[in-house]
Amino acid sequence: MNEDQRHTDSLIPIKKIYTKEDLPTTDPGQPGTYPYTRGVQSDMYRGKLWTMRQYAGFSTAAESNKRYHYLLSQGVSGLSVAFDLPTQIGYDSDHPLADGEVGKVGVAIDSIEDMQILFDGIRLEDVSTSMTINATGYILLGLYAAVAKQQGADLSKLNGTIQNDILKEYAARGTYIYPPKPSMRIITDLFEWCSHEVPKWNTISISGYHIREAGSTAVQEIAFTLSNGKAYVQAALAKGLDINVFGRRLSFFFNAHNNLFEEVAKFRAARRMWAQLMKEMGATDPKAMMLRFHAQTGGSTLTAQQPLNNIARVTVQTLAAVLGGTQSLHTNGYDEALSLPTEQAAAIALRTQQIIAFESGVVDTADPLAGSFFVESLTDSIEQEAWKLMQTIDSMGGSVAAIENGFMQEEIAQSAYMFQQQLEQGKKIIVGVNKFQTNEKSNTPLFRVDDSIRLAQIEKLKQLRQHRDQKTCLSILSTLRQQAVDGTNIMPSVVAAIEAKCTLGEISDTLREVFGEYRQ
C-alpha cells in the first residue's frame, strides 16, 4: 500500500488535491429546499442560532435543578437531561440492582415528586427540553407532561425531544428492557399519543451518537441510524399513522468527531439520504422530509491524559456540527474522561459554543463549505458507502432483523478493533495518549456523587408509598397490564399511573410481566 495514501476515519481515500472535476454532477440545491443537503432553513443561522444545550443530571433532582438554573443563567437556550442507570432501565432506587448506581451517571427519577423537584422554578412551557432516555422514555415523557399540567401549562405548547430510540440500545448501548417487537409497539403508542396531546414534541431522536461512541465509523453511524429511522417509520405506518404528521416530529442525534471535513460531509449526506427515504415512503410534506438533528461532541474522543487538550478537540467538533448545519448542540466538558463535568468545565463548554456563534463568523452564511471540491466529493462518497450498507441491512429484512442476528453489533465491534489496532501501531495519533506524552500529574478537580444519595431516595420512596392511595395505584396498573396484552394504546394509563404516584419501577415491572425482558 502507498505509504502516502490517506483516508478518512471511514477509510474513504483522500486525494492530494481536489479540482472541479471532482465535483458531483448532481446539484446540491439551495438551503431549505429538497433534498436539504445544504440545510433545512433557507438562511440557517442568520435567522436563528442553533439551540445551545448542556447535558446535565446527577445526584438528586434538587442538585440537578440547581445546575439547570445555573446553566439557564449563563445563556443556555435549552435543557438536556441525563438520567441515572436505574432510571434508564426501569428500576426504582430501592431495587437491589440499583445499588451503587443511584444518581451516578445522571439524575435519579423514581416518581412524579422527583420530576416536580427537578423542574422547580422552571416554566416548562418556556424552555425546550431534551431527555436522553429510551427504554423508559414513555414514562419520563409522561412525567414531564404531568408536571407541566400541574404548572398550568398548555401541553400543545410544550417543546422538546425525547430520545426514545430503542433500536440503537440493542445495537450499541445496552439500556433496553423489553424485546424489540414490544419495544417498537411502545414507541408507536407514544407517537400516536403525542400527536394528540403534545403535538410540538419531537417524539424520537433517532440516535447515531451511541453507535459512534461504541466504535463505528462515520459511514456506519449514518447508515445504521437511517436504517433504524426507516424501521420506526415503517412501524408507524403499519399502525395506520400519517407519515406527514409523525414525520414532522422525527429528529436525529449525531456525534461530532475530530475529522472536520468528514463530519461536515456526513451531516450533509445524512440530510440528503433521509429526504429521499421519506419521499419514497410516501411523505409529501416538506417538513416530514427534513432531517433535523441535535449533535453532541464526541465523548469517546476525550482523553484523561492532558485533559485541557479536550477544549481544543471540543472546539473542532463544535465547528464540524455548526458547519454541518445542526439545529441543537451540546458540548462536552474537558474533564468528562475523568468524572462528571464540574461547573467550571460546563461553563467553558458552553462558552465554546458562544464563541463560535458570536466571534467566528461561520454563522453569517448558510452552508459556507458548499462548493468545496473536497467537501462536495466527500459528501457524495459518504452517501454512496452508506447506501451500500443500508442495502445490506434491507436484504436481511431491516434493522430489527440485522440487530437480532448481530450484524450491526459485529460491524461496530470490527471498526472499534481496527481503530485500536491503528492506535497501538502508531498509524493513528492521539495527542497526549500515544504521542507527545508528558509525565505531569493531573490536578484537574473531579466531581463525584456521594453514595448516600441512594439512602435519601429510598426514604422518599418509603414516604411516597405510605401516603398515596394504594388501591387506586393497583387498579390503574391492572388496567395498564390489560392494555399491554390487548394492544390498546398504553399512554393514557401510564399518565394516570404517574398522576396517582405509581413509581417508574412499578410501571416498568407491569410491562415486564407482559412483555418479558430481552436477553442477547
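Position 1 is the first residue of the sequence, and the numbers go up from there.
Listed for the K266 side chain is a donor-acceptor partner under 3.5 Å among the backbone atoms of N255. The backbone N or O of H257 lies less than 3.5 Å from no partner atom in the side chain of R212, so there is not a single donor-acceptor pair. Judged by distance alone, with hydrogens and angles left aside, the side-chain atoms of T365 form no donor-acceptor pair with the main-chain N or O of P368 at under 3.5 Å. Not one N or O on the side chain of S478 forms a donor-acceptor pair closer than 3.5 Å with the backbone of L474. At distances below 3.5 Å, not a single donor-acceptor pair connects side-chain atoms of E63 with backbone N or O atoms of A61. In this structure, D486 contributes its side chain and T488 its backbone to a donor-acceptor pair below 3.5 Å. Remark: side-chain polar atoms of D335 are paired, donor with acceptor, to backbone N or O of T342 under 3.5 angstrom. A donor-acceptor contact shorter than 3.5 Å is absent between the side chain of S475 and the backbone of K471. At distances below 3.5 Å, not a single donor-acceptor pair connects side-chain atoms of R454 with backbone N or O atoms of V102. With E336 contributing its side chain and G299 its backbone, the two residues share no donor-acceptor pair below 3.5 Å.
Rounding to the nearest 0.5 angstrom, the gap separating the CG atom in L143 from the CD atom in E499 is 10.0 Å. Within the model, atoms CD1 of I490 and CZ of R481 stand 13.0 Å from one another, a figure rounded to the nearest 0.5 Å. Here OH of Y334 is found 4.0 Å from CD of Q344. Values are rounded to the nearest 0.5 Å. Annotation: the span from F83 atom CZ to T132 atom OG1 amounts to 8.0 Å, rounded to 0.5 Å. Between the CE atom of M278 and the OG1 atom of T284 there is a distance of 10.0 Å, given to the nearest 0.5 Å. Atoms CG and OG1, on L329 and T51 in that order, are 10.0 Å from each other to the nearest 0.5 Å.
Residue N489 forms a side-chain hydrogen bond (donor to acceptor under 3.5 Å, both in side chains) with just one option from R185, E192, H196, Q483, and that option is E192.
Considering every non-hydrogen atom in both C194 and L141, the closest pair reads SG-CD2, 3.5 Å. Heavy atoms only, all atoms of each residue included: I117 and A62 are closest at CG2-N, 3.5 Å. When all heavy atoms of S205 and D165 are compared, the closest pair comes out as O-CB, 3.6 Å. Nearest heavy-atom pair, S183 versus Y170, reported as atom, atom and distance to 0.1 Å: OG-OH, 2.9 Å. When all heavy atoms of A500 and C473 are compared, the closest pair comes out as O-SG, 3.3 Å. The two residues I507 and C502 come nearest to each other via the heavy atoms CG1-CB, 4.3 Å.
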### Message
Does D285 form a salt bridge (Lys or Arg N to Asp or Glu O under 4.0 Å) with R248? I'd like the steps, not just the answer.
### Response
CA-CA 8 Å; D285 186 327; R248 293 164 64 100; 2.7 Å; yes
### Query
Can you check side-chain hydrogen bond (donor to acceptor under 3.5 Å, both in side chains) on D114 and Q457, steps first, answer last?
CA-CA 9 Å; D114 287 328; Q457 287 296 116; 3.2 Å; yes
### Task
Apply the test side chain to side chain contact (heavy atoms under 4.5 Å, CB included) to residues V363 and F358: give CA-CA distance (whole Å), side-chain angles for both, the deciding distance (0.1 Å), then the verdict.
CA-CA 8 Å; V363 302; F358 297 106; over 6 Å; no
### R468 and E113: CA distance, side-chain angles, deciding distance, salt bridge (Lys or Arg N to Asp or Glu O under 4.0 Å) verdict
CA-CA 12 Å; R468 69 186 182 182; E113 293 183 354; over 6 Å; no
### Message
Evaluate T37 against R268 for side chain to side chain contact (heavy atoms under 4.5 Å, CB included), listing each step before the verdict.
### Response
CA-CA 5 Å; T37 309; R268 297 172 90 245; 4.1 Å; yes
### Task
Let me see the working for N202 and R292 under side chain to side chain contact (heavy atoms under 4.5 Å, CB included), right down to the final yes or no.
CA-CA 10 Å; N202 297 319; R292 296 164 299 114; 3.5 Å; yes
### Message
Working note: T129 + Y144, criterion side-chain hydrogen bond (donor to acceptor under 3.5 Å, both in side chains); need CA distance, chi angles, decisive distance, verdict.
### Response
CA-CA 10 Å; T129 304; Y144 190 88; 2.8 Å; yes
### Task
Could you walk me through whether I177 and I166 pass side chain to side chain contact (heavy atoms under 4.5 Å, CB included), step by step?
CA-CA 9 Å; I177 302 173; I166 201 64; over 6 Å; no
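K168 has its side chain within reach of N134: a pair of non-hydrogen atoms, C-beta onward, lies under 4.5 Å apart. Side-chain contact between I109 and M115 is present, with at least one heavy-atom pair separated by less than 4.5 Å. Contact annotation: the side chain of T161 never approaches that of H294 to less than 4.5 Å [non-hydrogen atoms, C-beta and beyond]. The side-chain heavy atoms of S195 and L241, taken from C-beta on, include no pair separated by under 4.5 Å. In this structure the side chain of M131 reaches within 4.5 angstrom of the side chain of I162, judged on heavy atoms. Looking at V76 and Y70, their side chains never come closer than 4.5 Å, going by heavy atoms from C-beta outward. In this structure the side chain of I89 never reaches within 4.5 angstrom of the side chain of H95, judged on heavy atoms. Looking at heavy atoms from C-beta onward, N332 lies out of side-chain contact with T301 at the 4.5 angstrom threshold.
A perpendicular orientation is assigned to the rings of Y45 and W50, their planes being inclined by more than 60° (bins at 30° and 60°). Between F252 and F254, the ring-plane angle classifies as parallel under the 30° and 60° cut-offs. Ring-plane geometry between F191 and Y232 is classed as perpendicular, the angle between the planes exceeding 60 degrees on a 0 to 90 degree scale with a lower cut at 30. Ring planes of Y68 and F119: parallel class, angle under 30° (limits at 30 and 60°).
For S216 and E221, the side-chain atoms include no donor-acceptor pair closer than 3.5 Å. Looking only at atom types and distance, the side chain of Q354 has a donor-acceptor partner in the side chain of R351 under 3.5 Å away. A side-chain N or O of R53 and one of S128 form a donor-acceptor pair less than 3.5 Å apart. Using modelled atom types, one finds a donor on one side chain and an acceptor on the other under 3.5 Å when comparing N228 with S399.
For the salt bridge (Lys or Arg N to Asp or Glu O under 4.0 Å) condition, the pairs that include at least one residue of residues 35-46, sequence neighbours left out, are R38-D367.
Considering only residues two or more places apart in sequence or on other chains, T331 meets the side-chain hydrogen bond (donor to acceptor under 3.5 Å, both in side chains) condition with Q54, Q353.
A salt bridge links D189 with K239: the distance from a Lys NZ or Arg NE/NH1/NH2 to an Asp or Glu carboxylate oxygen falls below 4.0 Å.
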